[in-house]
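Read the structure below first, then the notes.
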Number of protein chains: 2
Amino acid sequence: MDAHEILMSCGLKVTRQRQAIVEYLMDAAMPVTAEEIYRALSQKEVSLWLSTIYRTLEQLSAKNVVRKTMLREEKNCYELVREGHRHYLICLGCNRMIALDSCPLHGMKLPAGNDRFQITGHRLELYGYCEKCQRDHH
Amino acid sequence: MDAHEILMSCGLKVTRQRQAIVEYLMDAAMPVTAEEIYRALSQKEVSLWLSTIYRTLEQLSAKNVVRKTMLREEKNCYELVREGHRHYLICLGCNRMIALDSCPLHGMKLPAGNDRFQITGHRLELYGYCEKCQRDHH
DNA sequence: TTGGGTGCAAAATGTTTGCAATTCG
DNA sequence: CGAATTGCAAACATTTTGCACCCAA
């Protein structure tokens, strides 16, 4: 599924700007901020505005094609929704994020989910220190 | 431990404003925004500015007395660090948050934590629908 | 007394909105 | 062509910063 198809399937018109945004998200290994998209695309041939990026991300989020996340307690980040959901290890030393290849909660019976509260999703981030920063940290 | 002692232990001067902020956090059952603190204290006898609140929360966060959280993908919230850490059920219907009384991950061996990445903390939020909203939602 | 703290204003940052001009279908 | 989309400016909300005055230690 390429950018063009993704946009079509959302019922959105395929514009130069939107294609570039979706392509950028497809290439991104990590959640990215609106500003990162803006800077990256501005450096290429693509000229577009931040408001367009926000609007597009908003629309794609509504269609569940993009997910808004908030990693590292800072800005909003956005990532393409791929297989299921995704969690990250976040290094407190260098801020790098490492995607986990599976959900640690998968298949787990959560004590909180009972008839009084129906759990439909979760968000999990693991913090710590990567190999390099473990050394530097001491 | 009261507000006064908490501030002292952080090496911060005990001022009227800071005391009020910490007391408010102690009474709060849930993470609160800077603005909520501002409005609540303004209504009482306490006069103080938002910048003072942000500065104080910043300092308390640095001392690990307060934790910054971002629930519901919206604004920054702050909560007093009590016993260990805390997780919430968040209702997507009414936005209400319900504190869990224990950490579902407690005692769990996380597959990601090995010698290459040392896990020191995590953040987990569970989303779903509370009893009332399960009915309304359909 | 004095260095940290606060009031206050102003700036910086991130995001949203309104509208005319443009472009996709 | 007509509706959706964009460029652009301006508004908005949140958070940070600078500085003179103030007050806790």
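Each chain gets a letter, A, B and so on, in the order its sequence line appears, and its residues count up from 1. Just the heavy atoms: all of them, side chains too, but no hydrogens, waters or symmetry mates, feed the values below.
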[X]: partners by side-chain contact (heavy atoms from CB on, under 4.5 Å), with sequence neighbours left out:
X      : value
I98(A) : L89(A), F117(B)
A34(B) : L50(B), I53(B), Y54(B), L57(B)
E5(A)  : M1(A), D2(A)

Which atom pair, heavy atoms only, marks the closest approach of [X] to [Y]?
X       : Y       : answer
L124(A) : H122(B) : CD1-CB, 4.4 Å
V81(B)  : N64(B)  : CG2-O, 3.5 Å
R86(B)  : A29(B)  : NH1-O, 4.2 Å
C10(A)  : L60(A)  : SG-CD2, 4.0 Å

Go through the structure and list residues passing side chain to side chain donor-acceptor pair (under 3.5 Å) with [X], not counting sequence neighbours.
X      : result
E35(B) : R39(B)
E79(B) : R67(B), Y88(B)
Q59(A) : R18(A)

- Inspect the surroundings of CE in M8(A) and state if more than 12 heavy atoms from other residues, nucleotides or ligands are less than 6.0 Å away.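 No.
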If the cut-off is 4.0 Å, is [X] near the phosphate of [N], judged by side-chain N/O to OP1 or OP2?
X      : N       : value
Q59(B) : dG4(C)  : no
N76(B) : dT14(D) : no
W49(A) : dT6(D)  : no

- Message: Among residues 50-58 of chain A, which ones have heavy-atom contacts with DNA chain C below 4.0 Å?
- Response: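 Result for residues 50-58 of chain A: S51(A), Y54(A), R55(A), sorted by number.
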Mind calculating the distance between [atom1] ([X]) and [atom2] ([N]) to the nearest angstrom?
X      : N       : atom1 : atom2 : answer
I37(A) : dT6(D)  : CD1   : P     : 13 Å
I21(A) : dG7(D)  : CD1   : C1'   : 13 Å
E35(A) : dG14(C) : CD    : C1'   : 9 Å
K68(A) : dG14(C) : NZ    : P     : 14 Å
L48(A) : dA9(D)  : CG    : P     : 15 Å
R18(B) : dG4(C)  : CZ    : P     : 11 Å

- Message: When the axes are fitted on five pairs at both termini, how much does the helix from dT1(C)-dA25(D) to dG25(C)-dC1(D) curve, in 10° steps?
- Response: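 Computed angle between terminal axes is 40°.
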Distances for protein N or O near nucleotides 20-25 of chain C N or O, under 3.5 Å:
from: dC24(C); atom 1: O2; to: K13(A); atom 2: NZ; distance (Å): 3.0
from: dG25(C); atom 1: OP1; to: V14(A); atom 2: N; distance (Å): 3.0

